[in-house]
Amino acid sequence: MDFTWKIGGAQGEGIDSAGEIFALTLHRMGYYIYAYRHFMSLIKGGHTNYKVRVSSKQFRHRGDKLDMLVAFDQRSIDENLHELKNGGAVLYNAGAFEPKFPGDVDVVPIGVPMQQIAKDHGSIVMTNMAAMGASAALVGLEPDAFDAFIAERYGKHGAEVVEANRKVVRAGYEAASQVTTWRATLPEIPEENKRKKRVFMHGNDAIALGAVVAGCRVVAAYPITPATDILYSLLKLLPKYGGVVLQAEDEMAACQMAVGCNYAGVRAMTSTSGPGFSLMTETLGLAGVSETPVVIVDVQRAGPSTGMPTKTEQGDAFQAIFSSHGEIQRIVLAPATVEDCFYDIQRAFNLADKYQCPVIVLTDLALGLSKQSVDVDDIDFERISIDRGELLTEEQVKEIAANGGYKRYAITESGISPRALPGQEGGVHIAISYEHTEEGHEDETPFHRVSQTEKRIRKMSTFDPEEFGVRLSGDRKPELLLIGWGSTIGQIDEVRQALAAEGRSVAHLHLSVLYPFPTRAVREAIESAGSVLVVENNAFGQLQQLIQLHVGHYDHMHSCRKFSGEPFNVSEILSRANEVLAESKSVKEVG
Amino acid sequence: MDFTWKIGGAQGEGIDSAGEIFALTLHRMGYYIYAYRHFMSLIKGGHTNYKVRVSSKQFRHRGDKLDMLVAFDQRSIDENLHELKNGGAVLYNAGAFEPKFPGDVDVVPIGVPMQQIAKDHGSIVMTNMAAMGASAALVGLEPDAFDAFIAERYGKHGAEVVEANRKVVRAGYEAASQVTTWRATLPEIPEENKRKKRVFMHGNDAIALGAVVAGCRVVAAYPITPATDILYSLLKLLPKYGGVVLQAEDEMAACQMAVGCNYAGVRAMTSTSGPGFSLMTETLGLAGVSETPVVIVDVQRAGPSTGMPTKTEQGDAFQAIFSSHGEIQRIVLAPATVEDCFYDIQRAFNLADKYQCPVIVLTDLALGLSKQSVDVDDIDFERISIDRGELLTEEQVKEIAANGGYKRYAITESGISPRALPGQEGGVHIAISYEHTEEGHEDETPFHRVSQTEKRIRKMSTFDPEEFGVRLSGDRKPELLLIGWGSTIGQIDEVRQALAAEGRSVAHLHLSVLYPFPTRAVREAIESAGSVLVVENNAFGQLQQLIQLHVGHYDHMHSCRKFSGEPFNVSEILSRANEVLAESKSVKEVG
Amino acid sequence: MSTVTVKDYRANAQASTWCPGCGDFAVVAAMQRALVNLGLKPHQVVAVTGIGCSGKFNYYLGANAFNSMHGRSLPVAQAIKIANRDLVVIAAGGDGDGYGIGVGHFIHACRRNVDITYVVMDNHIYGLTTGQTSPTSRKGFKTKTTPYGAAEHPIRPLPLALASGCGFVAQGFSGDVKHLQSLFEAAIQHKGFALVNVLSPCVTFNKEQTYDWWRENLVNLDEREDYDPADRSAAYKVVNELNSLVTGIIYREERSDYQDELPNYDPQPLIYQDLSRPIQDRDELLAAFM
Amino acid sequence: MSTVTVKDYRANAQASTWCPGCGDFAVVAAMQRALVNLGLKPHQVVAVTGIGCSGKFNYYLGANAFNSMHGRSLPVAQAIKIANRDLVVIAAGGDGDGYGIGVGHFIHACRRNVDITYVVMDNHIYGLTTGQTSPTSRKGFKTKTTPYGAAEHPIRPLPLALASGCGFVAQGFSGDVKHLQSLFEAAIQHKGFALVNVLSPCVTFNKEQTYDWWRENLVNLDEREDYDPADRSAAYKVVNELNSLVTGIIYREERSDYQDELPNYDPQPLIYQDLSRPIQDRDELLAAFM
Ligand SMILES: Cc1ncc(C[n+]2csc(CCOP(=O)(O)OP(=O)(O)O)c2C)c(N)n1
Ligand SMILES: Cc1ncc(C[n+]2csc(CCOP(=O)(O)OP(=O)(O)O)c2C)c(N)n1
Ligand code: SF4
Ligand code: SF4
Ligand SMILES: [Mg+2]
Ligand SMILES: [Mg+2]
């Protein structure tokens, strides 16, 4: 059982803060929250909204429908009414506008003069607080539910401001209580929820936290939506550990800087979104051939080019896997959940050090910016321990130096050449973007070219994508296999459960590693399924193409793509799944 | 019948000029020439050589073997002796060094004191001319064979210099005539060769010439080996037509400039190699979403990163096809011959205008820098006529403006939106990197996003890669199908002929278009072959992966890859082909 | 030329999404008036923008436009001018766009001297991405990305332009539209690359460089009778002494532009030229390769 | 510290592929002597280079090195210093590398002021790619890419560095190794970003800016008693007046560097710090998200 609430208005009216107060308050009460921000790439005037899904159990997406809509203006009604359930309520800013509804909808309009209340009891900028008070009344919260949070957030502006905000909340509460009998019922809070410690964070926060736990100490980046929040989190976390957040002049510099730090032995990363990631194409090659570890986080947004900065998409898989001229070794991870973000970024650092190559972590706007309730037990600081790979100690370097000298690009059986660091006596060496000898000297002779290339290819052979990054749930030999990657896990999971509840045999294969590709696992799953539906948030079907490339072409493989900039709704995947099920059934009947 | 000659020495000793004089002189006599430069990414001191293959008929590669080697130093012997045929001659710079040969080789050493001769009759920098004279004697040319060329090349330095050079040539000729009886026999020159007009050019020249013929009037680029020669050619050609060669500050700017010119209606391109191409990743997306035509030539060199600037590779197919974040429409051509370069660059401009998207032309160092004899009849200026696609005239724009107004991104059935140009009255419009409405206004609503994306995808549906870019030769249902792309056509063709001569049933499928992929043609060819060998100059097997992605996985598909930085030898492919033939035979025997 | 009015521009312009009070409104208004005053119609003008609040300049200007990527307005703008020298080309963007990610193009545009006008709406902040430090933010400035204060010294656009050989360097202020309009007119009329750096307050994210702050601190050099904008070193000195808190034409030099230097570059725009000529020259063209 | 000699460097160095007479030899020699003079051993030094003939500087220097890509030495160099402040970091490259493709990084390195030394081997040409116009080539200079003469005004490194807030600006000449060595020593000892632009003849592709030409035209400001390198505007003026034909320390300013500005940045290099601390702070770290 869940409850969904949304507040909408013009950008600049405090919609985000209102949403966040609502979400965090309910989170603290013991609910599991998923909060989704809808915003635009402009500063003032566009429509913005904040949706909060409230449940007694954990889940991974915003929900298709809406129980209650708080509308600051007509546009908020127009753009969101289609989500409202029958009998749902629209709490509107009475006096500010006269709401219009299509004739045939079953909706309960509730007018509360929120702006007037704000003016009367505080100031007009507190209209959002009147909305909070009114919402509290309608969902059965106490009028003081938000008090703690208000003190936290506005305390720095002085006691007066806090008091005014509280007053406005209460006035909103009173007004709403009187004007309607409509009431939403929030789900029960299971006792165990209250015992559990939980955090409220989004993917970007989890990336930042995981990076710090992984020992990352320098982050060089350039601001870009929706990745900048990673920097904000890191600015809070890193200086504590002497670390540095460096705002670079552009993304080329940012990525080169991350490479430079890693060369010097300090774990470093860069975070960006598509347009910045394209500018790092060159540096991928540098890290590849110089065999310098580097971690790049790409919080995907809708492309191409500047595209839609505030909309989500899974559009950068190809760029992550195939870009940069020539041929380099790399690893591409695609966390599916906030917890994945926390662990995968740590894995990324370990993998980068182990394989001495770039590791790209692909998240997206939906995962990066949607705050969720997560059990603290699932944010385990000790699950993944720091493994710096073949990094030589001062003593080892000295020994090597004494026995013939250190070779940065020594040909080894594993393909991995132990790394000395600058500053280590005896380990003087050159990291280089040219093809080179074992010593790191520029060289174009076929012998070195071939042996170094083979070495670089060989080093990836121990990487097993199936060790992690592959989740399979549901039936073993399903009628329908749903395959997804990254942030769509929540919707696909709900689809699987919905179909299973109808008695369908369904499975869900979810990938969090895209390169090297988990071929065997995908093949097994596909070949044991009646039909297959590949679900992804893009137009080209990038995962589907990867499956074709690595696994094969299948007549029973279908696709479900969404590229509007919005995350999937469960219903969209469900109806496509039903189509596929129907089709495959009719095929069977004929055949 | 052919004859192969090579001159080798240290970078800076005039090896290139000597090679070029030899090659062009024989070209003018009526031979078909293929000249291959081996050089290094440093200025002085590295080994460099120039190989000239001389034949009575046209062919497309440098040849595996060598009849005669001119060696300025021991290193030239060490690095090239393995190519020499049994009984071949090594003409060496006697006095400058004492040549050493392995005991077991069957070679005719011919010492001529070239440096001394140069000193005595001219100056030490003319040592290469002494080598030319000696070579002339040994291959049966007249002592005045190079006179015309010497006048052309050194005329600007005055009659004295010309005379001195000629003297040195003659002295070299005399010396060699006396010192040995070894003589090479050049092939006969068929009478028809003498009637034919032929040019001596490399792929880079042909690209430049084709661009000018296509109406390209601005080229913005940044110097990079092996693409800079395109600029040199264009600097000779373009100003004649009022055109501009602009040396940009970097490759990002170069590509953006090419986009800017095309937006304003002038055909423009940029040319580069891998490292520069990676810097254009961002601009690919811009051209894609703003639907601005642009032509990018990537003369591939061995990557990744700085890699091996003077070595060849087919390593950038993935970058060309998949790079840039988000999803854009594009076309990737890969000319196989000098003539292809001339035509494909023209096609590229037509396709860019027609589909309003980036068109990437992938050549490589081997094709770009190897000068060849080409029949003038195969450089047909009228074969491809300029087609600007849906470019509106002033009048059309006025009419559209009168009928509701011009929309740059009008949704059309074909997916192509007619282009107005800035400067046309009534056609005022915005080209844009954001997702947008039909009018070109920034917009993030699902409706415009989806309809514009679908429009962009739809517009490529009329592009038929099989219309051009797919060559099939040899048997229809062959035992073995060889598949290649780009510059390897000559070697693969010789392999096919060699196997056919042995009575094998072989076919050769050669692709000059990589995206959109010619799926149908490739499938048909593969499925009618006993076994398949994909031949490419890279380590990852990029074409093979593209076949897997677009066509399928085949048990009878094998690969032959070379990634040493050198072009294929015929023998390398041949032995791999024989392996595959043997394998498939033994499989058949078992099965 | 039939008369043109600001209405002709407004007819193509979109509704603004800038914050009320944003300095950039004045920039658009001043530019529209400047263009009208010079008798230029919207179709004769191309605005080339980067990404930022300022990058939306072209939506509200109402001329032709190419809205390129963040930091890349200048290469596109120069190319458009080269392709069609009849067009009036205005590149426009923010301080982050032009002096941060795009500063390399800026330096090279100064020295290349293609005849375009570059307008930077310099608000000392990243506006569109909601308030991070920009390259012109002062050292110590606290923003979302520098909660402890910016560690870098700011870029100083005027000295930078002077040092890069820019032939027309001006600075305007959004609080004085009339003056701004005069600077735009002079910049457009200048032969060669012209920079107008506009101090354009971001009322939402920069609470330090406000209209009032600028008004109190700025000196208008155009009003100083003894100031001669023809001496580069003197300009550099004054700008340094006054800590860049100046408006007006800082430096101006008459000289040849990039196009004058190109061999055989025609007065007739490239775009109107005949593309088929090489076909007639076939033999001659091929002879070079024989 | 045990003594270090030039031999210690030569032990790691490779055989040179520069043309005999190339100005860059002097740069390496001067740098080796400077490092030795400062008592620095090869393993304590990192050279970070771009691509160009000059980009091979590190092969012959014999210290640790990162040979990055064309134009990208500075971001890598700054990062290395931040990661390990005990290392002496020398970025080095050519005029094309540093003032062409890489000029954006240069401007920002000047204002960021990380404590590294930047050596540009300025030969006014693209050497490695065999002779194209570089950003410092004079207008009208004929090269393979500008057979009709370069159309652009050159970049002027010294004014550019001055305008960008660089705290140490010097120019040396390959014809005077001793002076060069002194400049390198001063640059390395300078706290913050230090530029040494070295006029380093390309004997193969630039027949104009030769040793003799430089010798005839250069003025050594270090020898001018009345020259005070502490005044930025005066430095700009002198450089302008003498058309950049100067050597010596042009400008020097003592001030805090980037690292001083970082919150809680330890004197102990980051690389030697303990990575496991966040585990102990788990509760506190998570509390921020509750
Ligand atoms: C390559 C790239 N990096 C980052 C961004 C995100 N971005 C958009 S605008 C902007 C900065 C805007 O600041 P400024 O140029 O000063 O313009 P303003 O909004 O202040 O007018 C940034 C960082 C982007 N669009 N592209
Ligand atoms: C992205 C990229 N573009 C172009 C090149 C080719 N390239 C290598 S060095 C160089 C210029 C060298 O000139 P400069 O920096 O002045 O160094 P010099 O050789 O004169 O010392 C160029 C254009 C490259 N390696 N990478
Ligand atoms: S955020 Fe600042 S720059 Fe952007 S529109 Fe608002 S006031 Fe203007
Ligand atoms: S080409 Fe010029 S810069 Fe390069 S090594 Fe030779 S002299 Fe030096
Ligand atoms: Mg700004
Ligand atoms: Mg140079």
Side-chain angles (χ1 to χ4, degrees), chain A residues 28 197-201 205 209 212-215 217-218 220 236-237 239-244 246 248-250 252-254 256-268 282-283 285-286 290 376 379 381-382 386 421-434 440-442, chain D residues 11-12 14 41-48 51 56 58-59 62-72 74-84 86-87 104-105 107-109 112 259 262-266 268-271 273-279 281-282 285-290:
Chain A
R28 289 183 182 166
K197 276 199 174 172
R198 292 157 333 114
V199 286
F200 186 56
M201 55 166 59
D205 287 331
L209 188 62
V212 172
V213 172
R217 289 296 174 269
V218 179
K236 286 185 210 134
L237 298 166
K240 198 177 156 79
Y241 302 102
V244 178
L246 194 158
E249 57 269 30
D250 60 27
M252 293 188 293
Q256 294 266 343
M257 284 170 171
V259 167
C261 281
N262 277 293
Y263 160 77
V266 169
R267 284 191 160 180
E282 152 184 86
T283 313
L286 174 68
S290 71
V376 151
I379 303 290
F381 277 48
E382 284 165 64
I386 294 175
L421 295 181
Q424 292 176 329
E425 218 171 330
V428 171
H429 71 277
I430 300 177
I432 183 167
S433 69
Y434 284 104
H441 298 171
E442 177 193 356
Chain D
N12 301 316
Q14 300 165 49
K41 296 187 182 170
H43 75 276
Q44 299 170 315
V45 176
V46 186
V48 185
I51 303 296
K56 298 177 194 253
N58 66 281
Y59 304 156
N64 288 297
F66 198 122
N67 189 190
S68 183
M69 309 190 69
H70 188 44
R72 312 280 173 241
L74 285 174
V76 174
Q78 294 169 76
I80 292 171
K81 185 71 185 183
I82 288 167
N84 186 346
D86 278 356
L87 294 170
H105 304 308
I107 303 288
H108 288 282
R112 189 172 292 119
Q259 290 135 295
L262 294 175
N264 201 26
Y265 182 76
D266 211 84
Q268 197 200 11
L270 271 177
I271 172 74
Q273 292 175 27
D274 171 22
L275 297 186
S276 63
R277 279 175 50 208
I279 298 191
D281 299 342
R282 176 170 183 270
L285 287 170
L286 286 172
F289 297 99
M290 283 175 181

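Below, read A as the first sequence line, B as the second, and so on, with proteins coming before strands; counting in each chain starts at 1. The basis for the numbers below is simple: all heavy atoms, side chains too, and nothing from hydrogens, waters or symmetry mates.
Heavy-atom pairs under 4.5 Å with chain D were tallied for Val218(A), Val213(A), Val244(A); the largest tally goes to Val244(A). For the options Leu275(D), Asp281(D), Val45(D), heavy-atom pairs under 4.5 Å to chain A are most numerous at Leu275(D). By number of non-hydrogen pairs under 4.5 angstrom with chain D, the leading residue of Ala220(A), Cys261(A), Ala248(A), Gly440(A) is Cys261(A). For the set Glu282(A), Arg267(A), Glu382(A), the entry with the most heavy-atom pairs within less than 4.5 Å of chain D is Glu282(A).
In this structure, the portion of Lys197(A) lying under 4.5 Å from any heavy atom of chain D is its side chain and not its backbone. Residue contact with chain A, scored on non-hydrogen atoms closer than 4.5 Å, involves the backbone and the side chain of Leu286(D) alike. Residue Ile80(D) touches chain A through both its backbone and its side chain, counting heavy-atom pairs closer than 4.5 Å. Only the side chain of Leu87(D) comes within contact range of chain A, with heavy atoms under 4.5 Å apart. When heavy atoms are compared at a cutoff of 4.5 Å, Asp250(A) approaches chain D solely by way of its side chain, counted from C-beta outward. Only the side chain of Ile386(A) comes within contact range of chain D, with heavy atoms under 4.5 Å apart. Contacts between Arg198(A) and chain D at a heavy-atom distance below 4.5 Å involve the backbone alone (N, CA, C, O).
Here the closest heavy-atom approach between residue Pro75(D) and residue Met257(A) is recorded as O-CG, 3.3 Å. Smallest separation of non-hydrogen atoms from Glu249(A) and Arg112(D): OE1-NH2, 2.7 Å. Nearest heavy atom pair, residue Gly242(A) against residue Tyr265(D), reads O-CD1, 3.9 Å. Among all heavy-atom pairs drawn from Gln273(D) and Tyr241(A), the shortest one is OE1-O, 3.5 Å. Ala83(D) and Ala264(A) make their closest contact through CB-CB, 3.7 Å (heavy atoms, listed as atom of the first residue, atom of the second, distance).
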Residues 421-431 of chain A side chain polar contacts: donor-acceptor under 3.5 Å, at least two apart:
residue   : atom : partner   : partner atom : Å
Gln424(A) : OE1  : Leu421(A) : N            : 2.8
Gln424(A) : NE2  : Leu392(A) : O            : 2.9
His429(A) : ND1  : Gly427(A) : O            : 2.8

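How far CG of Leu209(A) is from CZ of Phe289(D): 5.5 Å, rounded to the nearest 0.5 Å. Remark: Asn67(D) CG to Leu286(A) CG distance equals 9.0 Å, nearest 0.5 Å.
Side-chain contact check for Met290(D) versus Val376(A): some heavy-atom pair is nearer than 4.5 Å.
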Review point. After noting the C-alpha distance and the side-chain angles of Lys56(D) and Glu442(A), does the key distance pass the side chain to side chain contact (heavy atoms under 4.5 Å, CB included) rule?
Key: CA-CA 9 Å; Lys56(D) 298 177 194 253; Glu442(A) 177 193 356; 2.8 Å; yes
Exercise for review: Please test Val76(D) against Tyr263(A) for side chain to side chain contact (heavy atoms under 4.5 Å, CB included), starting from the C-alpha separation and ending with a verdict.
Suggested key: CA-CA 9 Å; Val76(D) 174; Tyr263(A) 160 77; 5.6 Å; no
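Gln256(A) pairs by the side chain to side chain donor-acceptor pair (under 3.5 Å) definition with Thr283(A), Ser68(D), not counting sequence neighbours.
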